[in-house]
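Quick note on labels: first sequence line is chain A, next is B, and so on, each numbered from 1.
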2 protein chains.
Amino acid sequence: MIDIYESFENLNEDKKQSILNAGFRIFGEYGYSKASIEDIVKEARISKGSLFYYFGSKKNYFLYIYEYAANIMKELVDSPGKNGIPKYMEKTDFFERLEDIKERKMILAFLHPHMGGFIKKAPFEVSKDIFKEIQLINQRLAHERIADFFDNLDVYKFKDGVEPFMVLQLISWCSEGVVNQIQIKNLMNPESKQNEIDYNEVIQLYDQYVVMIRKNFYKEEYL
Amino acid sequence: MIDIYESFENLNEDKKQSILNAGFRIFGEYGYSKASIEDIVKEARISKGSLFYYFGSKKNYFLYIYEYAANIMKELVDSPGKNGIPKYMEKTDFFERLEDIKERKMILAFLHPHMGGFIKKAPFEVSKDIFKEIQLINQRLAHERIADFFDNLDVYKFKDGVEPFMVLQLISWCSEGVVNQIQIKNLMNPESKQNEIDYNEVIQLYDQYVVMIRKNFYKEEYL
DNA sequence: TTTGTAGTTGACCAGTTCGGTCAAAACAAG
DNA sequence: CTTGTTTTGACCGAACTGGTCAACTACAAA
């Protein structure tokens with residue numbers, strides 16, 4: 001990321017975030033080719049000229065926000081703890097580590113609500129040559145993260161026959177599901193704010209599921 | 001659904017399914033306005049002229065496949081048993097009912113792999129006036145289905161403190177997650193068939209999760 | 001063989017939308 | 001004021017849009 005884009009990077013933070021999030025949302029919803037600059041600048045509340053002034057082309061803009069997103073994801077994985085060790089590694093309990101990740105994920109979801117969807121859809125959109133490798137990198141990162149998560153973990157606390165990896169998977173699907181559910185509920189309610197998500201509501205519901213899972217998958221002596 | 005569309009309905013089954021599925025996939029992926037007829041007829045492997053010969057307009061085509069999908073969903077809910085009673089109601093055990101629904105869902109997913117995504121996205125796409133009510137109907141149907149599912153069910157078999165509705169929700173998210181996971185795995189594998197899903201693989205993985213959930217959420221005497 | 005009919009095609013149409021440009025306006029700081 | 005930096009939206013040619021239609025195929029009836 002060279003400083004070709006300094007005109008963009010010198011913008012104030014609110015505007016930058018708005019421009020990034022607009023890209024995440026529109027590209028994430030329609031994909032690269034079907035997402036129009038018009039849609040994006042309307043969402044970001046800037047003029048078309050400005051976007052081309054900052055990035056030069058649609059492709060550059062896409063690559064820029066993709067790289068931005070990838071960096072954020074990497075930071076989330078590396079989770080820069082105080083002493084070089086990822087912060088959540090200090091805990092050895094499954095659900096305590098989970099809490100730590102939850103917190104970081106929530107902050108991210110608050111800053112960039114549509115980044116997840118964008119990252120998911122992006123690799124399948126532009127010329128395969130470039131993105132096949134990026135996709136592989138992402139996959140590798142995900143695997144490493146999972147491996148890290150289980151490193152030095154108190155797996156013995158789970159009941160016999162309960163596979164900790166499956167539990168992590170289940171909870172991950174659960175968190176996605178909870179967000180979706182709240183989102184749909186909001187869309188049904190006409191007086192709710194357009195795309196805002198009440199994360200307190202999300203966390204509250206999510207926690208209910210985690211509690212239920214913990215209570216039944218952990219050995220009684222560790223509850 | 002009047003017989004204005006008899007030219008379409010007289011087509012052989014394969015062709016009809018192909019045309020329906022193309023609509024489900026393309027509308028489901030891009031939404032009504034961003035999905036082009038060109039995309040759809042290419043996916044369905046028919047000519048543009050034919051599609052307009054069958055349906056007259058893009059809007060008619062969309063409404064037709066939406067109504068088709070809604071009817072299928074309704075049938076899935078009503079689940080026409082032999083004697084008027086939905087077939088799965090014969091069983092009073094949570095997981096036995098689930099098995100019954102799983103089977104029916106798998107058949108549906110095999111016939112119309114992208115119908116779910118289409119149904120989810122459709123109501124937010126065209127003019128709100130028409131679709132707000134449709135959406136409400138869908139919501140009501142879903143609620144009824146859930147109410148039916150819990151009607152005369154052996155809820156006592158669950159451990160104390162386990163909320164059966166949450167378990168159903170969890171399993172539902174789980175099945176979505178499993179399908180996604182297999183799909184991504186296939187996309188990574190370059191030699192796999194483009195959009196085909198190996199449902200045996202899906203079921204096998206899904207069953208693992210259900211077994212784990214059943215084993216830990218049911219009282220021991222009912223295992 | 002000829003004729004009639006239903007089904008299918010893709011080149012073509014006019015209108016819109018696309019990514020991208022640019023002259024002018026707005027702004028900032030002397 | 002001057003000078004330099006941002007920001008704007010009308011505008012451009014090209015691409016794409018939903019929709020049309022004359023020509024064509026397939027096949028059955030006569």
To the nearest angstrom, the CG-P distance between A/N60 and C/dT21 comes to 11 Å
Aromatic ring proximity B/Y209/B/W173, centre distance under 6.0 Å: no
task: Under the ring-ring contact (aromatic ring centres under 6.0 Å, His included) rule, what do B/Y54 and B/Y5 come out as? Steps first, then yes or no, please.
output: CA-CA 6 Å; B/Y54 305 140; B/Y5 302 114; over 10 Å; no
Worksheet item: What do you reckon, are the aromatic ring centroids of B/F8 and B/Y68 less than 6.0 Å apart?
Response: no
Taken to the nearest whole Å, CG/A/L51 to P/D/dG9 is 14 Å
Closer than 4.0 Å, any side-chain N/O of B/Y53 to the OP1 or OP2 of C/dT8?
no
note: B/E6, atom CD; C/dG7, atom C1'; distance rounded to Å ~ 13 Å
Rounded to whole Å, CZ of A/F8 lies from C1' of D/dT7 at a distance of 15 Å
Atom NZ of B/K42 and atom C1' of C/dT9 are separated, to the nearest Å, by 18 Å
*asked:* Please confirm whether the shortest side-chain N or O distance from B/K15 to OP1 or OP2 of C/dT8 is below 4.0 Å.
replied: yes
Worksheet item: Does D/dT7 have OP1 or OP2 sitting under 4.0 Å from an N or O in the side chain of A/Y54?
Response: yes
Contact string for nucleotides 12-21 of chain D, one letter per nucleotide 5' to 3', B = base within protein heavy-atom range under 4.0 Å, S = sugar-phosphate only, - = neither, reads -----SBBBB
For A/K102, the salt bridge (Lys or Arg N to Asp or Glu O under 4.0 Å) test, sequence neighbours excluded, returns A/E99, A/D207
Hits for salt bridge (Lys or Arg N to Asp or Glu O under 4.0 Å) against A/K105, two or more places apart or cross-chain, chain-then-number order -> none
Worksheet item: Below 6.0 angstrom between ring centroids: does that apply to B/F52 and B/Y61?
Response: no
